[in-house]
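Okay, structure first, notes after.
We name chains A, B, ... by the order of the sequence lines, and we start the count at 1 in each one.
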Amino acid sequence: MPLHNREIADTFIKLANLLEIEGANPFRVRAYRNAARVISSLAPRVSDLVAQDKDLSELPGIGDDLADKIRTLIKTGELPLLKQVEARTPPILHELMKIEGLGPKRVKILYQKLGIRHVKDLQTAIKQGRLKKLSGFGEKTEQKILSGIQHLNQYTKRMKLADAAPVVDSLLRYMRNIDGVEQVECAGSYRRKKETVGDLDILAAAKDSEKIINAFIKFDEIAAVITQGTTRASAHLHSGFQVDLRVVSEKSYGAALLYFTGSKEHNIAIRKIAVQKKLKLNEYGIYRGERQIGGRTEEELYKQLGLAYIEPELREDRGEIIASRKHRLPKLISLKDIRGDLHCHTHATDGSASLEQMAKAAEQLGYEYLAITDHSQHLTVAHGLDKKALIAQIKKIDRLNAKLQNLVVLKSMEVDILEDGSLDMPRDILNELDLTVCSIHSKFSLPQKKQTERILKAMDNVCFNILAHPTGRLINHREPYSIDMERILHGAKERGCILELNAQPDRLDLNDIHCKMAKDIGAPIVISTDAHSPSQFSYMCYGINQARRGWLEKENVINTRPLKDLKKLLNRK
DNA sequence: GCCGTTTTCGGCCCGACTGTTTTCAGTCG
């Protein structure tokens with residue numbers, strides 16, 4: 001079984017943690033962390049690159065040494081250096097570093113002085129009062145570690161973006177009502193519209209920062225205040241989120257917004273540019289010597305660095321800085337570009353509303369077209385339609401279309417792709433449809449080659465138009481099934497098939513990296529909500545977020561086209 | 001360990017908060 005990029009990255013993170021505990025050169029430690037980040041956000045699998053004999057040292061942050069280590073790890077499943085380190089330092093210690101308040105230095109002291117290896121040892125030591133006897137450890141530190149242990153699982157999981165949205169809304173409403181707040185917004189991965197967010201970074205501009213901090217900690221959603229200073233504070237909310245608030249003056253607001261929006265990698269990269277230009281960039285502004293030459297807005301900061309403005313969704317250090325310098329940034333798609341939805345369900349299968357209700361809701365959104373895509377018979381849990389039921393629905397749609405003024409309802413179906421790659425509905429009836437949306441709902445654990453070929457064979461059927469939720473993953477719930485995405489994308493392009501970006505907040509499938517890959521290969525995308533009720537049409541914005549993170553422009557997405565053009569794209573015969 | 005429009009050696013982003021200190025180390029983002 002070839003190693004996943006995630007597993008390679010985890011190995012390097014573990015190595016970095018253990019080396020840090022041993023007190024290794026911090027820049028060497030950073031190099032391993034960087035490598036882990038590069039590998040985990042890489043679209044192709046590193047094991048495939050190795051199999052193809054590609055030069056890994058061309059990857060940013062990977063030199064000859066790391067390239068060699070990666071090859072060894074993939075070929076043997078082991079890393080000799082990690083083995084050596086583990087012989088000196090118990091590997092379990094790297095688990096202790098996950099506790100809030102514990103870093104490499106303290107973990108090392110706990111291990112050397114008290115022999116602590118596990119969370120349990122730590123709890124016992126605290127109970128016996130052995131911890132606060134150590135030099136450098138006191139009452140407060142002990143309490144912080146105890147609460148860190150309690151929160152170990154509670155606050156470590158990243159939350160879905162859609163779950164954060166209402167929390168952020170109420171937080172921002174509260175902040176805007178505080179007297180003296182001039183500007184406020186949520187920065188961090190929330191502003192970058194990442195599919196999941198860790199904590200919420202709130203940034204405010206005000207003259208008297210302390211007054212704002214004091215008002216903030218009275219917010220009634222706050223469960224516990226973690227830290228409180230004169231310009232920043234952080235707290236746990238009852239909803240499970242951690243909030244970090246930072247208050248700056250207006251002349252620093254843009255610089256602080258840039259800094260707190262991140263990503264960390266993007267920040268490091270642009271600060272390097274500042275250094276090259278003999279400037280200093282921090283969260284207060286950009287400086288030539290002692291003199292501040294910008295910082296009020298993000299736009300002026302990018303300009304000072306010789307860069308075009310970079311949208312938050314692109315700030316991941318995945319090529320946006322070079323594109324910005326060359327004025328080749330994409331003109332990202334936006335919600336208003338969307339003309340229709342090509343995936344939704346009615347109560348004929350597992351939806352909760354009628355055909356008419358769904359059509360009416362789509363019409364109210366100003367859509368030109370809506371495809372009704374109820375499930376096929378193989379998906380019995382959703383009461384999939386058989387041939388007879390589909391014919392009845394087709395007739396019903398014809399009657400409805402005769403009455404509709406501004407919307408065209410397209411006849412379609414979400415057809416199961418069976419294990420052998422055939423479609424769960426005979427050709428003669430599929431020919432009656434305007435389009436088909438095809439998807440996998442069974443046999444998730446086939447080996448990668450088989451799963452890939454299953455999909456490619458299904459695409460050989462000229463009735464196949466759209467591959468829905470291409471990897472089947474459910475965020476925080478189910479891993480994607482194993483497919484060769486590059487092969488699928490090339491296969492789709494060659495055959496005139498389209499890949500869906502499913503906008504359900506727990507799917508967002510394709511992910512951002514795959515969207516960019518599709519764009520680079522030239523495979524078309526459709527953004528669909530898979531709505532099971534009229535209100536779920538509003539999920540389109542989450543699909544748009546993901547598309548923007550994947551560098552997609554209006555031209556890359558087929559449901560930005562007028563119906564006439566769309567129909568041409570859907571006709572493979 | 002990586003990297004180069006000053007450099008193949010000598011740098012590597014930068015600052016706030018906390019606790020336990022007598023001036024700063026550790027942690028975090």
Side-chain angles (χ1 to χ4, degrees), chain A residues 12 15-17 19-21 23-38 56-70 81 96-110 131-145 147-148 155 187-189 197-203 209-210 213 225-235 242-248 252 255-256 258-287 305-306 317 325:
Chain A
F12 283 128
L15 179 58
N17 283 352
L19 283 172
E20 201 171 25
I21 292 168
N25 176 350
F27 298 107
R28 183 178 171 217
V29 172
R30 185 189 291 175
Y32 286 119
R33 293 231 165 87
N34 277 342
R37 174 180 59 80
V38 167
L56 298 178
S57 69
E58 281 178 10
L59 296 170
I62 310 284
D64 290 341
D65 179 273
L66 273 166
D68 197 43
K69 285 193 169 74
I70 293 168
L81 175 62
L96 289 179
M97 280 186 58
K98 292 177 184 163
I99 297 169
E100 197 184 323
L102 281 188
K105 303 283 163 60
R106 286 182 179 148
V107 168
K108 185 180 183 182
I109 293 170
L110 291 173
L131 212 66
K132 56 189 170 204
K133 286 182 189 156
L134 292 173
S135 131
F137 288 75
E139 189 78 33
K140 291 272 183 73
T141 306
E142 192 177 273
Q143 286 311 311
K144 194 176 167 69
I145 292 171
S147 95
Y155 292 106
S189 49
V197 295
D199 50 18
L200 303 174
D201 296 292
I202 305 291
L203 177 70
S209 61
E210 212 165 346
I213 301 276
V225 176
I226 307 164
T227 64
Q228 182 189 352
T230 55
T231 64
R232 70 195 304 178
S234 60
Q242 180 176 322
V243 185
D244 296 323
L245 171 68
R246 182 68 185 257
V247 188
V248 297
S252 294
L258 182 66
Y259 174 69
F260 284 101
T261 297
S263 64
K264 187 177 177 176
E265 291 74 27
H266 180 85
N267 286 348
I268 290 172
I270 60 174
R271 281 186 180 187
K272 278 184 186 162
I273 293 176
V275 170
Q276 282 163 13
K277 289 184 175 292
K278 308 265 188 224
L279 302 171
K280 185 174 79 163
L281 176 65
N282 61 25
E283 60 259 56
Y284 297 106
I286 188 161
Y287 301 84
L305 296 172
D317 195 19
R325 189 180 276 152

### Message
Ser209(A): which residues meet the side-chain hydrogen bond (donor to acceptor under 3.5 Å, both in side chains) condition with it, sequence neighbours left out?
### Response
none
#### Entry: Euclidean distance, atom CE of residue Met97(A) to atom P of dG26(B) [Å, nearest integer]
13 Å
### Message
Does this structure show an ion pair linking Glu265(A) with Arg30(A), if we count only N-O contacts that are shorter than 4.0 Å?
### Response
no
### Query
Which residues satisfy the salt bridge (charged side-chain N to carboxylate O under 4.0 Å, His left out) test with Lys69(A), sequence neighbours excluded?
Asp65(A)
### Query
If you measure from the C1' atom in dC14(B) to the same atom in dT21(B), how many Å do you get, rounded?
24 Å
### Task
Can you see which heavy atom on Lys277(A) is nearest to which on Leu305(A), and at what distance?
CE-O, 3.2 Å
### Pairwise P distance for dC13(B) and dT5(B), with rounding to whole Å
16 Å
### Task
Round to the nearest Å and state the distance from Leu59(A) atom CG to dG1(B) atom P.
18 Å
### Task
Measure the distance from CD on Gln242(A) to C1' on dC28(B) and round it to the nearest whole Å.
10 Å
### Query
Got a donor-acceptor contact below 3.5 angstrom from the Asp201(A) side chain to the Ala187(A) backbone?
no
### Query
Does Lys105(A) make a side-chain N or O approach to OP1 or OP2 of dG26(B) shorter than 4.0 Å?
yes
### Message
Rounded to whole Å, how long is the line connecting atom CG of Leu102(A) with atom C1' of dC28(B)?
### Response
13 Å
### Task
State whether the side chain of Asn282(A) and the backbone N or O of Gly285(A) hold a donor-acceptor pair below 3.5 Å, judged by distance alone.
yes
### Message
Please report the distance, rounded to the nearest Å, between CG in Leu245(A) and P in dG29(B).
### Response
15 Å
### Sugar-phosphate, base or nothing in reach of Lys278(A), heavy atoms under 4.0 Å
base
### Query
Taking atom C1' in both dT20(B) and dG26(B), what distance in whole Å separates the two?
11 Å
### Task
May I have the distance from Asp244(A) (atom CG) to dT18(B) (atom P), rounded to whole angstrom?
12 Å
### Task
Take atom CG of Asp68(A) and atom P of dC2(B), then tell me their distance rounded to the nearest Å.
10 Å
### First encountered from the 5' end of DNA chain B, between Gly103(A) and Glu139(A)
Glu139(A)
### Task
Sugar-phosphate means primed atoms, P, OP1 and OP2; the rest is base. With that split, encode nucleotides 8-17 of chain B 5' to 3' as B, S or - using protein heavy atoms under 4.0 Å.
----BBBSSS
### Task
Could you measure between the two C1' atoms, the one in dT23(B) and the one in dT18(B), and give it in whole Å?
15 Å
### Query
Is it true that the side chains of Arg33(A) and Asn17(A) contain a donor and an acceptor less than 3.5 Å apart?
yes
### Task
Could you say whether Gly136(A) or Asp201(A) is positioned toward the 5' end of DNA chain B, judged by the nucleotide with the nearest heavy atom to each?
Gly136(A)
### Query
NA contact type, Pro104(A), heavy-atom cut-off 4.0 Å: base, sugar-phosphate, or nothing?
sugar-phosphate
### Query
On a whole-Å scale, what distance lies between the C1' atoms belonging to dT6(B) and dG11(B)?
12 Å
#### Entry: Thr141(A) vs dT20(B): side-chain N/O to OP1/OP2 distance below 4.0 Å
yes
### Task
With the side chain counted from C-beta on, respond yes when His266(A) and Thr261(A) share a heavy-atom pair under 4.5 Å apart, and no when they do not.
no
### Rounded distance in Å between the C1' positions of dC2(B) and dT8(B)
12 Å
#### Entry: Rounded C1' spacing from dC12(B) to dC17(B) in Å
25 Å
### Task
For Gly101(A), answer base if it contacts any base atom (sugar-phosphate contacts may also be present), sugar-phosphate if it contacts only those atoms, and nothing otherwise; contact means non-hydrogen atoms under 4.0 Å.
sugar-phosphate
### Query
According to the Watson-Crick and G-U wobble definitions, with both distances under 3.5 Å, which nucleotide is paired to dT8(B)?
none
### Query
Atom CD1 of Ile62(A) and atom P of dC3(B): how far apart are they, to the nearest Å?
8 Å
